[in-house]
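What follows is one structure encoded as structure tokens, with my remarks underneath.
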Amino acid sequence: MTQADDLLVTHDVTVCYGSHQALNPTSLAFSEGGVTALIGPSGCGKSTFLRCINLMNREIPGCRVGGEILYHGNDVNSRSQDLFQLRKSIGMVFQQPNPFHKSIRENIVFAPRRHGVSDKDELDALVEDSLKAAAIWDEVKDQLDQSAFALSGGQQQRLCIARTLAMRPDVVLMDEPCSALDPISTFAIEQTIRDMAERGICVVIVTHNMEQAARVSDRTAYFLLGDMVETGPTKELFSRPRTSGSTTTSRGGSDDGREQDGGRAPRPVLRRLPCPEGRLARAWRRTRVTALIGPSGCGKSTLLRCLNRMNDRVEGMPPHGLGPARRRGRARGL
Ligand SMILES: Nc1ncnc2c1ncn2[C@@H]1O[C@H](COP(=O)(O)OP(=O)(O)OP(=O)(O)O)[C@@H](O)[C@H]1O
Ligand SMILES: [Mg+2]
């Protein structure tokens, strides 16, 4: 149900990709300072709906959007809508971090500069405030002029959130922003989401993590096979769902939305691999599935990239990234 103070309202929004109707008429309303979670199984149209709001679907050939999307009462699809201004006010954070090929500082100031901010002190303050709001300032404050690609995946994602916040948006759309993050970074982002809401920003977040939806959102909308089948206050929807299956994943506890066998998740076997000096490679051969875990920025991806020599392509990495142990491993054909 829409109300007078709703910032963003969708009326019967539909989306077709060619002849395939991916989203059936969907009407939802979003208010200032509210957090809405979009949930539902893979392929049900959550990202499709989210992308309509800041006209990202326009960039997909053959994609047609119907219905009305009102932002401050104006239809975003009208010809008079300035896309540049719209995306300043309605920012988006994607599932995969997509920093610019620039320094950390430049990632933050690039868009504000294009929107006319030129004062150095103002830009410096923007860099600090945005990075603090995205819970990454302490990790990067001494390396602001280094490439954003020198950051870990989780750090890059928080940088992208900072970049979005630097535009001081009214609405932030987030498409599974934590799917590649460790629990500590996830917690930091969830805190950031709540802080954004307190500052009056309207947040719409797609998530497969039911616990996350329950923790951060005020309202939830459940999508199924292209239909928005149920919406309401999150507490109500989770405690008394009208649609069977809408909160299934909260019982299974699975992060990817798949129900687990009778709710009994396999017990993880945690084994600390001896490291370094080649023993790591031997342990790898004996272990069928090895999980590398640890907080954001601790080196998991760096180690993984060593295995097929992806790090050789990273500027500044020594040619034998793992040193003598790696060379011995190679000599043994590992
Ligand atoms: N660019 C595209 N071109 C054609 N069809 C698309 C495109 N993007 C999505 N679709 C189709 O639209 C439907 C909804 O996809 P969408 O990505 O919105 O689902 P989703 O709910 O976000 O799924 P997931 O949870 O896996 O991200 C699917 O059938 C998908 O195949
Ligand atoms: Mg999606």
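Below, all heavy atoms of this structure are taken into account, side chains as well, without hydrogens, waters or symmetry copies. Just so you know, ligand 1 is whichever comes first in the structure, and atom 1 is the first atom listed for that ligand.
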What are the protein N/O/S atoms, named by residue and atom, that sit under 2.8 Å from the Mg ion (ligand 2)?
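Metal shell, protein only: Ser47 OG.
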Counterpart residues, ring pair (Phe, Tyr, Trp, His ring centres under 6.0 Å), relative to His101 (two or more places apart)
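His101: ring pair (Phe, Tyr, Trp, His ring centres under 6.0 Å) contacts with Phe149.
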Assess whether a salt bridge exists between [X] and [Y], defined as any Lys/Arg side-chain N lying under 4.0 Å from an Asp/Glu carboxylate O.
X      : Y      : answer
Lys120 : Asp124 : yes
Lys88  : Asp170 : no
Glu128 : Lys132 : yes

Is the count of non-hydrogen atoms from other residues, nucleotides or ligands lying under 6.0 Å from Leu83 atom CG greater than 12?
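Yes, enclosed.
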Would one find more than 12 heavy atoms of other residues, nucleotides or ligands at under 6.0 Å from atom OH of Tyr17?
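Buried by this count: over 12 neighbours within 6.0 Å.
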Ring geometry between His115 and Phe84 (parallel below 30°, tilted from 30 to 60°, perpendicular above 60°):
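Ring orientation, 0 to 90° scale: parallel.
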Using heavy atoms and a cut-off under 4.0 Å, could you grab the residues that are in contact with ligand 1, chain by chain, numbers ascending?
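Around ligand 1, where the cutoff is 4.0 Å for heavy atoms, the contacting residues are Tyr17, His20, Ala22, Pro41, Ser42, Gly43, Cys44, Gly45, Lys46, Ser47, Thr48, Arg51, Ile60, Glu176, His208.
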Please list, chain by chain and in numerical order, all residues satisfying salt bridge (Lys or Arg N to Asp or Glu O under 4.0 Å) with Asp142, sequence neighbours excluded.
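For Asp142 there are no salt bridge (Lys or Arg N to Asp or Glu O under 4.0 Å) partners, ignoring immediate neighbours.
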Determine, stepwise, if the pair Arg87 / Leu55 fulfils side-chain contact (heavy atoms from CB on, under 4.5 Å).
CA-CA 9 Å; Arg87 294 211 178 133; Leu55 307 184; 4.2 Å; yes
